2 protein chains.
Amino acid sequence: MPRRYDPDRRRRLIDAAIRVVGRDGIAGLSHRAVAAEADVPLGSTTYHFATLEELMVAALRQSNENFGRVLAERLPKDGQGDLAADLAGALGVWLGGDRTGVELEYELYLAALRRPALRPVAAEWTEDATALLARRTDPVTARALLALLDGICLQVLLTGGSYDEEYARAALARLIP
Amino acid sequence: MPRRYDPDRRRRLIDAAIRVVGRDGIAGLSHRAVAAEADVPLGSTTYHFATLEELMVAALRQSNENFGRVLAERLPKDGQGDLAADLAGALGVWLGGDRTGVELEYELYLAALRRPALRPVAAEWTEDATALLARRTDPVTARALLALLDGICLQVLLTGGSYDEEYARAALARLIP
DNA sequence: ATCCCATGTGTACGAGCGTACACAACGCTT
DNA sequence: AAGCGTTGTGTACGCTCGTACACATGGGAT
(Lines give C-alpha, C1' and ligand atoms only; values in the text may rest on other atoms or scores of the structure.)
Protein backbone atom coordinates (compact mmCIF):
# COMPACT_ATOMS: atom_id res chain seq x y z
CA MET A 1 0.00 0.00 0.00
CA PRO A 2 1.47 3.33 -1.02
CA ARG A 3 0.98 6.71 0.61
CA ARG A 4 2.17 5.77 4.03
CA TYR A 5 3.41 8.41 6.35
CA ASP A 6 1.31 11.23 5.09
CA PRO A 7 2.71 14.29 6.84
CA ASP A 8 -0.53 16.31 6.96
CA ARG A 9 -3.10 13.61 6.95
CA ARG A 10 -5.02 15.51 9.62
CA ARG A 11 -5.44 18.58 7.49
CA ARG A 12 -6.51 16.52 4.52
CA LEU A 13 -9.10 14.83 6.67
CA ILE A 14 -10.44 18.17 7.89
CA ASP A 15 -10.64 19.48 4.34
CA ALA A 16 -12.46 16.34 3.30
CA ALA A 17 -14.88 16.70 6.21
CA ILE A 18 -15.65 20.27 5.15
CA ARG A 19 -16.35 19.11 1.61
CA VAL A 20 -18.62 16.35 2.89
CA VAL A 21 -20.60 18.74 5.10
CA GLY A 22 -20.82 21.20 2.24
CA ARG A 23 -22.21 18.54 -0.06
CA ASP A 24 -24.39 16.40 2.22
CA GLY A 25 -24.74 18.43 5.38
CA ILE A 26 -23.83 17.38 8.87
CA ALA A 27 -26.34 14.56 8.56
CA GLY A 28 -24.08 13.04 5.91
CA LEU A 29 -20.92 13.35 7.96
CA SER A 30 -19.48 9.98 8.89
CA HIS A 31 -16.07 8.44 9.31
CA ARG A 32 -16.65 6.46 6.17
CA ALA A 33 -17.74 9.43 4.09
CA VAL A 34 -14.69 11.43 5.14
CA ALA A 35 -12.42 8.49 4.48
CA ALA A 36 -13.81 8.08 0.98
CA GLU A 37 -13.62 11.82 0.29
CA ALA A 38 -10.02 12.02 1.48
CA ASP A 39 -9.19 8.72 -0.22
CA VAL A 40 -7.81 7.12 2.91
CA PRO A 41 -8.86 3.89 4.63
CA LEU A 42 -11.56 3.98 7.25
CA GLY A 43 -9.21 3.20 10.10
CA SER A 44 -7.23 6.35 9.43
CA THR A 45 -10.13 8.68 10.19
CA THR A 46 -10.98 6.91 13.42
CA TYR A 47 -7.34 7.04 14.40
CA HIS A 48 -6.95 10.79 13.97
CA PHE A 49 -10.46 11.70 15.10
CA ALA A 50 -11.94 9.21 17.49
CA THR A 51 -15.24 11.08 17.58
CA LEU A 52 -17.17 12.82 14.84
CA GLU A 53 -17.44 15.77 17.21
CA GLU A 54 -13.66 16.15 17.19
CA LEU A 55 -13.83 16.33 13.44
CA MET A 56 -16.56 18.95 13.64
CA VAL A 57 -14.58 21.02 16.09
CA ALA A 58 -11.60 21.03 13.77
CA ALA A 59 -13.78 21.80 10.75
CA LEU A 60 -15.57 24.65 12.50
CA ARG A 61 -12.31 26.16 13.66
CA GLN A 62 -10.85 26.12 10.16
CA SER A 63 -14.10 27.43 8.74
CA ASN A 64 -14.03 30.31 11.20
CA GLU A 65 -10.51 31.19 10.13
CA ASN A 66 -11.61 31.40 6.51
CA PHE A 67 -14.61 33.52 7.42
CA GLY A 68 -12.52 35.81 9.60
CA ARG A 69 -9.97 36.35 6.87
CA VAL A 70 -12.64 37.44 4.40
CA LEU A 71 -14.25 39.73 6.96
CA ALA A 72 -10.92 41.33 7.79
CA GLU A 73 -10.28 42.02 4.13
CA ARG A 74 -13.60 43.73 3.67
CA LEU A 75 -13.26 45.75 6.85
CA PRO A 76 -10.01 47.70 6.75
CA LYS A 77 -9.10 49.33 10.02
CA ASP A 78 -8.49 52.67 8.40
CA GLY A 79 -11.79 52.68 6.59
CA GLN A 80 -13.46 56.00 7.12
CA GLY A 81 -16.49 55.05 5.06
CA ASP A 82 -19.90 54.06 6.31
CA LEU A 83 -19.50 51.01 8.56
CA ALA A 84 -23.12 49.96 8.09
CA ALA A 85 -22.74 50.10 4.32
CA ASP A 86 -19.53 48.08 4.47
CA LEU A 87 -21.17 45.36 6.56
CA ALA A 88 -24.29 45.25 4.42
CA GLY A 89 -22.03 44.98 1.39
CA ALA A 90 -20.06 42.11 2.89
CA LEU A 91 -23.30 40.29 3.64
CA GLY A 92 -24.37 40.90 0.06
CA VAL A 93 -21.22 39.29 -1.24
CA TRP A 94 -21.70 36.29 1.02
CA LEU A 95 -25.32 35.81 0.10
CA GLY A 96 -24.93 36.91 -3.47
CA GLY A 97 -23.84 34.05 -5.66
CA ASP A 98 -23.44 30.46 -4.58
CA ARG A 99 -24.74 30.09 -1.04
CA THR A 100 -23.08 26.73 -0.50
CA GLY A 101 -20.21 28.31 1.37
CA VAL A 102 -22.33 30.32 3.77
CA GLU A 103 -24.65 27.41 4.37
CA LEU A 104 -21.70 25.23 5.22
CA GLU A 105 -20.25 27.70 7.69
CA TYR A 106 -23.59 28.37 9.32
CA GLU A 107 -24.42 24.72 9.58
CA LEU A 108 -21.25 24.03 11.50
CA TYR A 109 -21.75 27.15 13.59
CA LEU A 110 -25.36 26.27 14.44
CA ALA A 111 -24.41 22.73 15.31
CA ALA A 112 -23.10 24.15 18.58
CA LEU A 113 -26.72 24.51 19.71
CA ARG A 114 -26.84 20.83 20.59
CA ARG A 115 -23.18 19.98 20.87
CA PRO A 116 -21.50 21.54 23.88
CA ALA A 117 -18.10 20.55 22.51
CA LEU A 118 -18.55 23.10 19.72
CA ARG A 119 -19.56 25.99 21.96
CA PRO A 120 -16.08 27.16 22.89
CA VAL A 121 -15.22 27.33 19.19
CA ALA A 122 -18.43 29.24 18.46
CA ALA A 123 -17.63 31.62 21.31
CA GLU A 124 -14.15 32.07 19.87
CA TRP A 125 -15.68 33.10 16.57
CA THR A 126 -17.99 35.70 18.06
CA GLU A 127 -15.13 37.14 20.07
CA ASP A 128 -12.81 37.34 17.09
CA ALA A 129 -15.50 38.84 14.90
CA THR A 130 -16.44 41.34 17.58
CA ALA A 131 -12.81 42.38 17.88
CA LEU A 132 -12.71 42.88 14.13
CA LEU A 133 -15.78 45.11 14.21
CA ALA A 134 -14.49 46.95 17.25
CA ARG A 135 -11.75 48.43 15.11
CA ARG A 136 -14.42 50.66 13.62
CA THR A 137 -16.73 51.23 16.60
CA ASP A 138 -17.03 50.54 20.31
CA PRO A 139 -17.15 46.93 21.56
CA VAL A 140 -20.77 47.05 22.75
CA THR A 141 -21.98 48.29 19.39
CA ALA A 142 -19.80 45.71 17.68
CA ARG A 143 -21.54 42.90 19.52
CA ALA A 144 -24.95 44.23 18.63
CA LEU A 145 -23.98 44.64 14.98
CA LEU A 146 -22.76 41.07 14.88
CA ALA A 147 -26.02 39.82 16.39
CA LEU A 148 -28.07 41.74 13.86
CA LEU A 149 -25.89 40.47 11.02
CA ASP A 150 -26.43 36.94 12.24
CA GLY A 151 -30.15 37.48 12.49
CA ILE A 152 -30.53 39.00 9.04
CA CYS A 153 -28.36 36.37 7.43
CA LEU A 154 -30.25 33.63 9.16
CA GLN A 155 -33.63 34.89 8.10
CA VAL A 156 -32.55 35.06 4.50
CA LEU A 157 -31.08 31.58 4.57
CA LEU A 158 -33.90 29.93 6.52
CA THR A 159 -36.80 31.41 4.64
CA GLY A 160 -35.12 31.14 1.27
CA GLY A 161 -35.87 34.79 0.68
CA SER A 162 -33.74 37.30 -1.17
CA TYR A 163 -31.32 39.69 0.45
CA ASP A 164 -32.20 43.38 0.58
CA GLU A 165 -28.92 45.20 1.04
CA GLU A 166 -30.39 48.64 1.47
CA TYR A 167 -32.73 47.41 4.19
CA ALA A 168 -29.83 45.76 5.97
CA ARG A 169 -27.73 48.90 5.74
CA ALA A 170 -30.48 51.02 7.23
CA ALA A 171 -31.09 48.61 10.09
CA LEU A 172 -27.38 48.30 10.86
CA ALA A 173 -26.99 52.08 10.75
CA ARG A 174 -29.58 52.45 13.49
CA LEU A 175 -27.41 50.44 15.84
CA ILE A 176 -24.44 52.75 15.40
CA PRO A 177 -24.65 55.61 17.87
CA MET B 1 -54.30 -5.65 19.59
CA PRO B 2 -56.18 -2.84 21.29
CA ARG B 3 -56.12 0.82 20.41
CA ARG B 4 -57.20 0.48 16.86
CA TYR B 5 -58.76 3.44 15.16
CA ASP B 6 -57.03 6.08 17.10
CA PRO B 7 -58.81 9.28 16.11
CA ASP B 8 -55.85 11.65 16.56
CA ARG B 9 -52.96 9.35 15.98
CA ARG B 10 -51.33 12.02 13.87
CA ARG B 11 -51.30 14.55 16.67
CA ARG B 12 -49.94 12.02 19.09
CA LEU B 13 -47.16 11.21 16.67
CA ILE B 14 -46.29 14.87 16.29
CA ASP B 15 -46.20 15.35 20.06
CA ALA B 16 -43.98 12.30 20.36
CA ALA B 17 -41.67 13.63 17.67
CA ILE B 18 -41.34 16.93 19.54
CA ARG B 19 -40.47 15.11 22.73
CA VAL B 20 -37.88 13.02 20.89
CA VAL B 21 -36.24 16.08 19.34
CA GLY B 22 -36.30 17.82 22.70
CA ARG B 23 -34.55 14.90 24.33
CA ASP B 24 -32.14 13.64 21.68
CA GLY B 25 -32.09 16.37 19.06
CA ILE B 26 -32.88 16.05 15.40
CA ALA B 27 -30.04 13.57 15.11
CA GLY B 28 -32.05 11.22 17.30
CA LEU B 29 -35.24 11.60 15.31
CA SER B 30 -36.25 8.36 13.60
CA HIS B 31 -39.43 6.55 12.77
CA ARG B 32 -38.58 3.99 15.39
CA ALA B 33 -37.87 6.50 18.13
CA VAL B 34 -41.15 8.29 17.49
CA ALA B 35 -43.04 5.00 17.40
CA ALA B 36 -41.58 3.98 20.74
CA GLU B 37 -42.23 7.39 22.29
CA ALA B 38 -45.84 7.41 21.09
CA ASP B 39 -46.25 3.73 21.96
CA VAL B 40 -47.41 2.74 18.51
CA PRO B 41 -45.99 0.16 16.12
CA LEU B 42 -43.32 1.18 13.65
CA GLY B 43 -45.58 0.80 10.64
CA SER B 44 -47.94 3.43 11.98
CA THR B 45 -45.35 6.23 11.84
CA THR B 46 -44.32 5.37 8.31
CA TYR B 47 -47.95 5.26 7.30
CA HIS B 48 -48.82 8.74 8.58
CA PHE B 49 -45.45 10.32 7.77
CA ALA B 50 -43.71 8.66 4.90
CA THR B 51 -40.68 10.91 5.33
CA LEU B 52 -38.97 12.21 8.43
CA GLU B 53 -39.13 15.62 6.81
CA GLU B 54 -42.92 15.51 6.84
CA LEU B 55 -42.73 14.85 10.55
CA MET B 56 -40.36 17.76 11.01
CA VAL B 57 -42.62 20.07 9.06
CA ALA B 58 -45.56 19.17 11.27
CA ALA B 59 -43.46 19.48 14.42
CA LEU B 60 -42.05 22.86 13.42
CA ARG B 61 -45.49 24.17 12.60
CA GLN B 62 -46.88 23.15 15.95
CA SER B 63 -43.81 24.47 17.71
CA ASN B 64 -44.28 27.82 16.00
CA GLU B 65 -47.86 27.98 17.19
CA ASN B 66 -46.76 27.48 20.77
CA PHE B 67 -44.06 30.10 20.44
CA GLY B 68 -46.44 32.56 18.83
CA ARG B 69 -48.99 32.12 21.57
CA VAL B 70 -46.45 32.92 24.26
CA LEU B 71 -45.15 35.92 22.33
CA ALA B 72 -48.68 37.26 21.85
CA GLU B 73 -49.34 36.99 25.57
CA ARG B 74 -46.24 38.93 26.47
CA LEU B 75 -46.88 41.59 23.86
CA PRO B 76 -50.34 43.04 24.38
CA LYS B 77 -51.49 45.24 21.57
CA ASP B 78 -52.48 48.05 23.88
CA GLY B 79 -49.18 48.01 25.70
CA GLN B 80 -47.96 51.55 26.03
CA GLY B 81 -44.80 50.48 27.86
CA ASP B 82 -41.30 50.27 26.47
CA LEU B 83 -41.36 47.83 23.56
CA ALA B 84 -37.63 47.15 23.81
CA ALA B 85 -37.99 46.33 27.50
CA ASP B 86 -40.91 44.02 26.82
CA LEU B 87 -38.97 42.11 24.17
CA ALA B 88 -35.84 41.89 26.28
CA GLY B 89 -38.01 40.63 29.12
CA ALA B 90 -39.63 37.97 26.95
CA LEU B 91 -36.21 36.81 25.86
CA GLY B 92 -35.17 36.69 29.48
CA VAL B 93 -38.08 34.42 30.31
CA TRP B 94 -37.25 32.14 27.41
CA LEU B 95 -33.58 31.91 28.25
CA GLY B 96 -34.04 32.07 31.97
CA GLY B 97 -34.80 28.66 33.40
CA ASP B 98 -34.73 25.41 31.49
CA ARG B 99 -33.44 26.07 28.01
CA THR B 100 -34.68 22.75 26.63
CA GLY B 101 -37.79 24.35 25.16
CA VAL B 102 -35.94 27.12 23.33
CA GLU B 103 -33.29 24.75 22.11
CA LEU B 104 -35.97 22.47 20.72
CA GLU B 105 -37.74 25.27 18.88
CA TYR B 106 -34.52 26.70 17.51
CA GLU B 107 -33.23 23.34 16.41
CA LEU B 108 -36.34 22.73 14.34
CA TYR B 109 -36.24 26.29 13.05
CA LEU B 110 -32.58 26.10 12.08
CA ALA B 111 -33.09 22.77 10.38
CA ALA B 112 -34.61 24.76 7.51
CA LEU B 113 -31.08 25.81 6.56
CA ARG B 114 -30.51 22.48 4.84
CA ARG B 115 -34.06 21.27 4.30
CA PRO B 116 -35.95 23.29 1.72
CA ALA B 117 -39.18 21.59 2.77
CA LEU B 118 -39.03 23.45 6.09
CA ARG B 119 -38.41 26.88 4.59
CA PRO B 120 -42.03 27.80 3.92
CA VAL B 121 -42.83 26.99 7.54
CA ALA B 122 -39.89 29.06 8.74
CA ALA B 123 -41.01 31.92 6.54
CA GLU B 124 -44.51 31.60 8.00
CA TRP B 125 -43.07 32.00 11.46
CA THR B 126 -41.10 35.15 10.67
CA GLU B 127 -44.16 36.66 9.02
CA ASP B 128 -46.43 35.86 11.91
CA ALA B 129 -43.92 37.11 14.45
CA THR B 130 -43.33 40.27 12.43
CA ALA B 131 -47.07 40.89 12.34
CA LEU B 132 -47.19 40.48 16.10
CA LEU B 133 -44.40 43.02 16.60
CA ALA B 134 -45.96 45.35 14.05
CA ARG B 135 -48.82 45.95 16.45
CA ARG B 136 -46.42 48.07 18.46
CA THR B 137 -44.25 49.59 15.75
CA ASP B 138 -43.92 49.84 12.00
CA PRO B 139 -43.37 46.68 9.91
CA VAL B 140 -39.82 47.53 8.86
CA THR B 141 -38.72 48.08 12.42
CA ALA B 142 -40.55 44.92 13.43
CA ARG B 143 -38.50 42.87 11.02
CA ALA B 144 -35.27 44.36 12.24
CA LEU B 145 -36.24 43.76 15.87
CA LEU B 146 -36.99 40.14 15.09
CA ALA B 147 -33.64 39.70 13.37
CA LEU B 148 -31.80 41.20 16.33
CA LEU B 149 -33.75 39.04 18.75
CA ASP B 150 -32.80 35.98 16.74
CA GLY B 151 -29.18 37.04 16.68
CA ILE B 152 -28.95 37.74 20.40
CA CYS B 153 -30.75 34.54 21.31
CA LEU B 154 -28.56 32.55 19.01
CA GLN B 155 -25.33 33.93 20.38
CA VAL B 156 -26.38 33.13 23.92
CA LEU B 157 -27.40 29.60 23.00
CA LEU B 158 -24.43 28.83 20.76
CA THR B 159 -21.71 30.17 22.99
CA GLY B 160 -23.29 28.88 26.16
CA GLY B 161 -23.00 32.35 27.64
CA SER B 162 -25.39 34.06 29.98
CA TYR B 163 -28.11 36.45 28.92
CA ASP B 164 -27.69 40.16 29.69
CA GLU B 165 -31.18 41.60 29.61
CA GLU B 166 -30.16 45.22 30.03
CA TYR B 167 -27.72 44.96 27.13
CA ALA B 168 -30.43 43.42 24.97
CA ARG B 169 -32.90 46.13 25.92
CA ALA B 170 -30.45 48.87 25.02
CA ALA B 171 -29.60 47.29 21.67
CA LEU B 172 -33.25 46.74 20.78
CA ALA B 173 -34.10 50.28 21.79
CA ARG B 174 -31.60 51.62 19.27
CA LEU B 175 -33.55 49.96 16.48
CA ILE B 176 -36.77 51.74 17.41
CA PRO B 177 -36.96 55.10 15.70
C1' DA C 1 -76.07 -6.11 4.29
C1' DT C 2 -72.10 -5.70 1.43
C1' DC C 3 -68.09 -3.97 -0.27
C1' DC C 4 -64.29 -0.88 -0.51
C1' DC C 5 -60.66 1.58 1.13
C1' DA C 6 -58.42 4.21 4.64
C1' DT C 7 -56.07 2.85 8.59
C1' DG C 8 -53.42 -0.23 11.59
C1' DT C 9 -49.91 -4.09 12.41
C1' DG C 10 -46.00 -7.23 12.19
C1' DT C 11 -41.89 -8.73 10.06
C1' DA C 12 -38.13 -8.99 7.17
C1' DC C 13 -34.29 -7.15 4.22
C1' DG C 14 -30.36 -4.71 2.93
C1' DA C 15 -27.55 -0.81 3.74
C1' DG C 16 -24.77 2.18 6.49
C1' DC C 17 -22.97 3.18 10.75
C1' DG C 18 -19.47 3.44 15.01
C1' DT C 19 -16.33 0.69 17.11
C1' DA C 20 -12.81 -2.51 18.08
C1' DC C 21 -8.81 -4.93 17.23
C1' DA C 22 -4.90 -7.38 15.21
C1' DC C 23 -1.30 -6.59 12.38
C1' DA C 24 2.09 -3.80 9.29
C1' DA C 25 5.39 -0.21 8.50
C1' DC C 26 8.40 3.28 9.62
C1' DG C 27 10.88 7.15 12.24
C1' DC C 28 13.31 8.16 16.48
C1' DT C 29 15.77 7.35 20.43
C1' DT C 30 19.30 4.85 22.46
C1' DA D 1 21.44 -1.79 14.83
C1' DA D 2 17.85 -2.61 17.92
C1' DG D 3 13.73 -1.61 20.11
C1' DC D 4 9.74 1.14 20.80
C1' DG D 5 6.00 3.97 20.07
C1' DT D 6 3.45 6.56 16.68
C1' DT D 7 1.00 6.14 12.53
C1' DG D 8 -1.34 3.44 8.95
C1' DT D 9 -4.35 -0.56 7.27
C1' DG D 10 -7.84 -4.17 6.76
C1' DT D 11 -11.64 -6.63 8.48
C1' DA D 12 -15.28 -8.01 11.20
C1' DC D 13 -19.19 -7.47 14.66
C1' DG D 14 -23.39 -5.78 16.27
C1' DC D 15 -26.55 -2.18 15.98
C1' DT D 16 -29.99 1.05 14.07
C1' DC D 17 -32.05 2.71 10.32
C1' DG D 18 -35.51 3.45 6.16
C1' DT D 19 -38.25 0.88 3.38
C1' DA D 20 -41.28 -2.48 1.63
C1' DC D 21 -44.89 -5.54 1.85
C1' DA D 22 -48.47 -8.85 3.17
C1' DC D 23 -52.07 -9.15 6.04
C1' DA D 24 -55.83 -7.57 9.55
C1' DT D 25 -59.67 -4.55 10.68
C1' DG D 26 -63.57 -1.85 10.81
C1' DG D 27 -66.11 2.69 9.31
C1' DG D 28 -68.81 4.48 5.90
C1' DA D 29 -70.75 4.66 1.34
C1' DT D 30 -73.98 2.13 -1.46
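Because the structure is predicted, anything quoted here is derived from the model rather than measured. In what follows, chains are A, B, ... by sequence order, proteins preceding strands, each numbered from 1. Reckoned from all heavy atoms, side chains included, excluding hydrogens, waters and symmetry mates.
- Taking atom CG of B:L13 as the reference point, atom C1' of C:dG8 lies 12 Å away to the nearest angstrom.
- For D:dT7, one of the phosphate oxygens OP1 or OP2 lies less than 4.0 angstrom from a side-chain nitrogen or oxygen of A:Y47.
- Distance CD (A:E53) to P (C:dC17): 18 Å, rounded to an integer number of Å.
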- Message: Test side chain to side chain contact (heavy atoms under 4.5 Å, CB included) on B:L145 and B:L83; report intermediate values, then the result.
- Response: CA-CA 10 Å; B:L145 286 173; B:L83 175 57; 3.9 Å; yes
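- In this structure, the ring of B:Y163 has its center no less than 6.0 angstrom from the ring center of B:W94.
- Donor-acceptor pairing under 3.5 Å, judged by distance alone, is absent between the side chain of B:R9 and the base of C:dG8.
- Contact annotation for A:S44: base contact, defined as any heavy-atom pair under 4.0 Å involving a base atom.
- Here C:dT19 presents its P atom at 10 Å from CD of A:E54, a figure rounded to the nearest Å.
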- Query: Would B:D150 and B:Y106 count as a side-chain hydrogen bond (donor to acceptor under 3.5 Å, both in side chains) if you check the C-alpha gap in whole Å, the side-chain angles of each, and the deciding distance to 0.1 Å?
  - Reply: CA-CA 9 Å; B:D150 262 352; B:Y106 260 90; 2.7 Å; yes
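- A:T46 comes within 4.0 angstrom of a base, heavy atoms only.
- B:F67 and B:W125 have parallel rings, their planes meeting at less than 30° on a 0 to 90° scale where 60° marks the start of perpendicular.
- Within the 4.0 Å cut-off from OP1 or OP2 of C:dA6, not a single side-chain nitrogen or oxygen of B:H48 is found.
- Within the 4.0 angstrom heavy-atom criterion, base atoms lie near B:L42.
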